[in-house]
There are 2 protein chains.
Amino acid sequence: MTQEHQILAMPGMTVENLRAKCATCSMHQLCLPMGLDMGDMDKLDQIIGRRRKVVRGGTLFRIGDPFTNLYAIRLGHFKTYQINANGSEQVTGFQMAGELLGMDAISADRHHCSAEALEDSEVCEIPFSSLEQLLRDMPTLLRHFHRMMSQEITREQSVMLLLGNMQATQRFAAFLVNLASRYEARGYSATAFQLRMSREEIGNYLGLTIESISRLLAKFKKEGLIRVSNREIEVLNPTKLKAITAGTEVCN
Amino acid sequence: MTQEHQILAMPGMTVENLRAKCATCSMHQLCLPMGLDMGDMDKLDQIIGRRRKVVRGGTLFRIGDPFTNLYAIRLGHFKTYQINANGSEQVTGFQMAGELLGMDAISADRHHCSAEALEDSEVCEIPFSSLEQLLRDMPTLLRHFHRMMSQEITREQSVMLLLGNMQATQRFAAFLVNLASRYEARGYSATAFQLRMSREEIGNYLGLTIESISRLLAKFKKEGLIRVSNREIEVLNPTKLKAITAGTEVCN
DNA sequence: CGTCCGGTTGAAAGGAGTCAACTAGCGTGG
DNA sequence: CCACGCTAGTTGACTCCTTTCAACCGGACG
């Protein structure tokens, strides 16, 4: 059952309603499966601020910016990164349409990372103070918001696992498997997709160098696991890729 | 200004009140500086469940356990860890008195990591459903809760940075500096403390082997940065340790 | 007194990084 | 339209940091 089907299984939900709502803001895509009814959705609509386009390479927010909004990605891809004390970057994540940005900023009212668009993108601004007010009257939304924050925590924990005790091959396999499953959850192909980020950004995220990524790509290609052409990826053997990720298959 | 001073600067707060409240649950220590008044504190008291003692080596919760409670550490130290698909552990954090455990479980109603006591410890159970109910009526608490979740996100991001682009020496320095600052924030010495975790657990957390930790300890000792005796640590040169953490000082 | 466990130290091995040369694709401007 | 230069990516050779393997130490405990 795809996410769309889950959404349509909601009481009172029609394809037209769904289209109309989802067109407004990806926050709806996030909220619909959680049991929000149409009345709740309308209230949510009212607090959602303006849409904002961000061109490829443009920044949505920077480290240190005062925190006022969360951002729901409507369209496109982003990366978030931190800057080390010595000036070096660390990519902390890649986000796609339907995901929420800026939750790390709540703790200190300042953004702790920067967000940059990997392609021309569009977001909805969600003024956090309005959202928090709304959360008080809408238990379902409150619950959902907490789930989203918690999900971000678990996501980061799995990256810690990746960086903490996986070898290069396993890390890269895990990266591809993760991307594939996220595209699949959004109704796109899990076996053919485009990398929106550069080799350098992938390497930075995985704690590897650009050369290592290049070599791993070549290796997977040689072993018949994937087909690669520039940033175009086709997964030929998802099972084995998952086995490598799990550490079942020892890759040499 | 220490945390205790901040707390005492709150209107209507006396040393006795503070003692009484903090004795009940470390959640109060967390909440007091955030502007909760005494009435709010009492309401919080009412939902806080039983205290629970966990002996050294005992587990508070395990991966896969159904999620019902958050836990505020009253006393002692814990570690949280995940299990990889191939069965290997990854320590995701060390928690001390005054910190909150279990927030990663909200997203899927199951715990995503296990929590084990590093010494005889005590926690307060906070039934999450009651807490969420209370959050609706107490904007200050709601805000505070969101801050705590967000703080966990930023904490993990800094671990990602540590694992993603720091060398062994820098990682270990960062680990010590982080511990020191947390003890300081709790009113303990920032220069002399005891490691509650084994070399193995430190290594696992930092993505290094037990031997590497041992060597780094010896190295820092030789360079006059610290004094070590078993698990007793004394920081002799905090400035240089911070410089190594920051990557300013290149350590050889 | 022997054994076990946590920790230390040394020597060798290996995986990823660094350095460097090279290729391909793409936009610009003559 | 082609040449040029720029950027992103690839590939090879070598280096180095951390791991691995192994021996050893010392305190706790039965």
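Convention: sequence-line order gives letters A, B, ...; per-chain numbering from 1. Atoms considered below: every heavy atom in the structure, side chains included; atoms not considered: hydrogens, waters and symmetry mates.
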>> I'd like to know if B:E200 reaches the base of C:dC5 with its side chain, counting only an N/O donor and acceptor under 3.5 Å.
In response: no

> Salt bridge between A:E232 and A:R227, side-chain N to carboxylate O under 4.0 Å?
Replying inline: no

> Is there a donor and acceptor pair closer than 3.5 Å between the side chain of B:Q167 and the base of D:dC16?
Replying inline: no

> Could you state the CG-C1' distance from A:L208 to C:dG17, rounded to the nearest angstrom?
Replying inline: 10 Å

> Between B:R52 and B:E122, does at least one N-O distance fall below 4.0 Å, as a salt bridge requires?
Replying inline: no

> What class does the angle between the rings of B:Y71 and B:F61 fall in, given that below 30° is parallel, 30 to 60° is tilted and above 60° is perpendicular?
Replying inline: parallel

> Within 45° of the axis and under 6.0 Å from the centre of the six-membered ring of B:Y81, does NZ or CZ of B:K79 qualify?
Replying inline: yes

> Can you tell me how far P of D:dG9 sits from CD of A:E232, to the nearest Å?
Replying inline: 13 Å

> In whole Å, what is the span from the CG atom of A:L206 to the P atom of C:dG15?
Replying inline: 18 Å

> Atom NZ of B:K221 to atom P of C:dG7: distance rounded to whole Å?
Replying inline: 14 Å

> Please give, in whole Å, the distance from C:dA20 P to A:I210 CD1?
Replying inline: 16 Å

> For A:G207 and B:R199, take the nucleotide of DNA chain C holding the closest heavy atom to each; which residue's nucleotide lies nearer the 5' end?
Replying inline: B:R199

> What's the closest nucleotide to the A:E211 side chain, out of D:dT11, D:dT19, C:dG7?
Replying inline: D:dT11

> How close or far is atom P of D:dA8 from atom CG of A:L195, stated in whole angstroms?
Replying inline: 15 Å

> Any side-chain N or O of A:R231 less than 4.0 Å from the OP1 or OP2 oxygen of D:dA8?
Replying inline: no

> When rounded to the nearest 0.5 angstrom, what is the spacing between CD1 in A:I153 and CG in B:D104?
Replying inline: 7.0 Å

>> With a 3.5 Å cut-off and heavy atoms only, can you find an N or O donor on one side and an acceptor on the other between the side chain of B:R215 and the base of C:dG7?
In response: no

> CG of A:N204 versus C1' of C:dA16: gap in Å, rounded?
Replying inline: 16 Å

> Under 4.0 Å: is that the gap between some side-chain N or O of B:T209 and OP1 or OP2 of D:dT18?
Replying inline: no

> Which nucleotide sits closest to the side chain of B:S214: C:dA16, C:dT8, D:dT11?
Replying inline: C:dT8

> Do the side-chain N or O atoms of B:S212 get closer than 4.0 angstrom to the phosphate oxygens (OP1, OP2) of D:dT19?
Replying inline: yes

>> Distance check needed: D:dA8 P versus A:I202 CD1, whole Å only.
In response: 13 Å

